[in-house]
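Values in this document were obtained by computation on a predicted structure and should not be read as measured data. Start at 1 and go down the list; that is how both ligands and their atoms are numbered.
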Amino acid sequence: MKLVVSKFGGTSMGDAGCMLRSASVSLKQGSKMVVVSATSGTTNDLIELARTAEKSSWDKASLIITKIKNKHEKIARDLELPESEFKIMNEMLGELESMSRGIHLLKDCSLKAMDSMQSFGERLSSILFTHAMNLVLKKANSDHKASWLDVRDVLVTDNQFGKARPQTNEIIKACDKRLGAIRHENMVYVTQGFIGQTLDGMTTTLGRGGSDYSAAILAEGIKADILEIWTDVAGIATTDPRICPEARAISEISFKEASELATFGAKILHPATLMPAIRSQIPVFVGSSFEMGAGGTWIKKEVEDAPLIRAMALRRKQVLVTLSTPEMLYTHGFLYQIFKVFNDHKVSIDAITTSEISVSMTLDDSALLNKDLIRDLEELAVVQVEEDLSLVSLIGNNINHTPGLAKKIFNAIDGINVRMICLGASKHNFCFIVDGSAGEEAIKKLHKTFIEG
Ligand code: ADP
Ligand code: ASP
Ligand code: MG
């Protein structure tokens with residue numbers, strides 16, 4: 001029997017019906033570990049609750065608590081959650097209220113407190129899902145039982161709150177100790193995505209959308225044979241179907257292409273998801289929990305078909321930071337100094353180009369919240385910041401070895417101003433920056449030329 005880890009995203013956990021459907025998918029797939037997200041919208045509600053408790057009135061915060069409570073209690077009633085589990089859920093909701101009060105009284109919500117607040121989403125949904133899983137197992141007369149696992153017992157991270165980094169060796173050790181017999185147990189472990197814990201017991205999160213990443217790390221930790229990501233679309237498409245209804249599902253994609261696609265903006269996978277899968281050679285399947293039979297995408301090391309352009313992605317809310325100084329001329333070490341500033345502020349750069357006296361790089365707009373970053377850069381050079389841009393990426397194979405490709409790309413987006421281009425570093429990616437308002441149009445035109453054409 002293959003050891004399967006399945007992950008269900010927020011929409012697959014939307015209500016009791018969704019949970020039962022997702023549990024049936026797990027049963028059919030013979031999953032031994034199920035990693036769940038918060039119910040859809042709950043992480044956003046928790047963030048809003050934390051901010052409201054910190055900055056606004058208790059009445060307003062209280063309304064959000066009630067909303068979260070009502071939503072989970074309704075699912076619990078619909079699933080006929082037994083009294084003892086209802087009690088556990090209510091205690092958790094009580095803990096959420098106390099923590100919110102603490103934030104309100106202190107008028108202070110640190111990143112650390114924010115992570116604890118967000119953890120309630122997955123902790124609550126996983127209690128409900130464990131019960132849904134047991135209902136489905138019982139109905140099928142299975143000899144397996146679902147068991148709730150606090151992922152913080154195994155998913156060890158560093159203390160970079162808000163974007164904590166999993167500690168692979170510690171995780172593997174903890175998984176061996178806690179879950180070493182998983183292959184042979186008559187047990188389906190239901191656990192939380194997105195959250196982890198430092199070695200000294202502080203709750204952390206892996207960053208928004210991080211449940212995919214959690215599932216991949218756990219799959220590596222328990223030496224799984226297959227990782228399944230169940231979401232609301234039947235696999236990875238040639239582009240975001242919300243931008244381009246003509247987007248088609250991709251049946252197979254290589255680890256390298258899928259990593260570029262996730263990193264450059266396709267929301268379907270958290271960008272770090274494939275790192276553990278690549279390291280441990282675990283094939284990943286992406287499918288729809290709503291339509292199990294509709295197929296999906298296999299992500300694996302080797303794929304048979306390798307088209308020049310496989311897919312395209314749009315990353316919104318980008319900023320372009322350009323640093324100029326004559327000191328770049330004929331000297332060395334300037335880029336080192338710049339990168340050191342980014343490193344000190346833990347901000348990652350996506351695309352970069354340089355000229356003789358200037359260097360331009362793209363960042364997510366959230367980096368600008370860090371005023372010290374810009375101040376420190378200004379000590380090195382004249383800094384120009386352009387906001388509201390979009391990063392358009394084409395993903396495929398042999399992109400930098402194909403004559404005439406750039407011409408075809410720029411012909412396709414004729415009329416759209418290109419602010420910066422990045423080509424050459426990867427044979428799987430060609431990306432460029434356009435005005436925020438032109439991003440969708442660029443994707444539509446490129447999709448027509450390279451995929452539909
Ligand atoms: P989940 O809650 O299951 O993690 P997400 O909302 O994070 O789901 O990711 C699924 C969504 O990703 C889809 O509904 C789709 O709109 C979006 N998406 C973006 N790019 C792509 C793509 N290339 N293929 C499929 N879906 C995409
Ligand atoms: N619940 C978290 C979020 O909304 C993690 C996830 O769903 O992957 O970002
Ligand atoms: Mg997601």
Distances for all N or O pairs of ligand 2 and the protein under 3.5 Å?
unit_1	atom_1	unit_2	atom_2	d
ligand 2	1 (N)	Thr43	OG1	2.7
ligand 2	1 (N)	Glu122	OE2	2.7
ligand 2	4 (O)	Thr43	OG1	3.3
ligand 2	4 (O)	Arg208	NH2	3.0
ligand 2	7 (O)	Ser37	OG	3.0
ligand 2	8 (O)	Gly209	O	3.4
ligand 2	8 (O)	Gly210	N	3.4
ligand 2	8 (O)	Ser211	N	3.0
ligand 2	8 (O)	Ser211	OG	3.1
ligand 2	9 (O)	Arg208	NE	2.6
ligand 2	9 (O)	Arg208	NH2	3.4
ligand 2	9 (O)	Gly209	N	2.8

For this session: Using a strict cut-off of less than 4.0 Å between a Lys/Arg side-chain nitrogen and an Asp/Glu carboxylate oxygen, indicate whether Arg310 and Glu260 qualify as a salt bridge.
Result: no
Exercise. How are the rings of Phe285 and Trp298 set to each other: parallel, tilted or perpendicular (split at 30° and 60°)?
Worked result: tilted
Show me a pair-per-line table, with atom names and distances to 0.1 Å, of protein N or O atoms that are under 3.5 Å from an N or O of ligand 1.
unit_1	atom_1	unit_2	atom_2	d
ligand 1	2 (O)	Gly10	N	3.1
ligand 1	3 (O)	Thr231	OG1	2.7
ligand 1	4 (O)	Lys7	NZ	3.1
ligand 1	6 (O)	Lys267	NZ	2.8
ligand 1	8 (O)	Thr231	OG1	3.1
ligand 1	14 (O)	Asp232	OD1	2.9
ligand 1	14 (O)	Asp232	OD2	3.3
ligand 1	16 (O)	Asp240	OD1	3.3
ligand 1	16 (O)	Arg242	NE	2.9
ligand 1	16 (O)	Arg242	NH2	3.2
ligand 1	23 (N)	Ala237	O	3.0
ligand 1	24 (N)	Ala237	N	2.8

Seminar exercise, completed: Contacts of Ser214 meeting side-chain contact (heavy atoms from CB on, under 4.5 Å) (sequence neighbours excluded), chain-then-number -> Val35, Leu155, Leu206
Problem set entry | Derivation of the side-chain hydrogen bond (donor to acceptor under 3.5 Å, both in side chains) call for Arg315 and Ser393 | CA-CA 8 Å; Arg315 195 151 151 174; Ser393 315; over 6 Å; no
Exercise. Do we see a donor-acceptor contact under 3.5 Å between the side chains of Thr204 and Thr157?
Worked result: yes
Exercise. Any chance the side chains of Thr43 and Arg208 put a donor and an acceptor closer than 3.5 Å?
Worked result: no
Exercise. How are the rings of Trp58 and His104 set relative to one another: parallel (under 30°), tilted (30 to 60°) or perpendicular (over 60°)?
Worked result: tilted
For this session: Under the side-chain hydrogen bond (donor to acceptor under 3.5 Å, both in side chains) rule, what do Asp200 and Thr198 come out as? Steps first, then yes or no, please.
Result: CA-CA 5 Å; Asp200 58 350; Thr198 61; 2.5 Å; yes
For this session: Would you mind listing every side chain to side chain donor-acceptor pair (under 3.5 Å) that reaches into residues 410-423, with sequence neighbours excluded?
Result: Glu386-Arg419
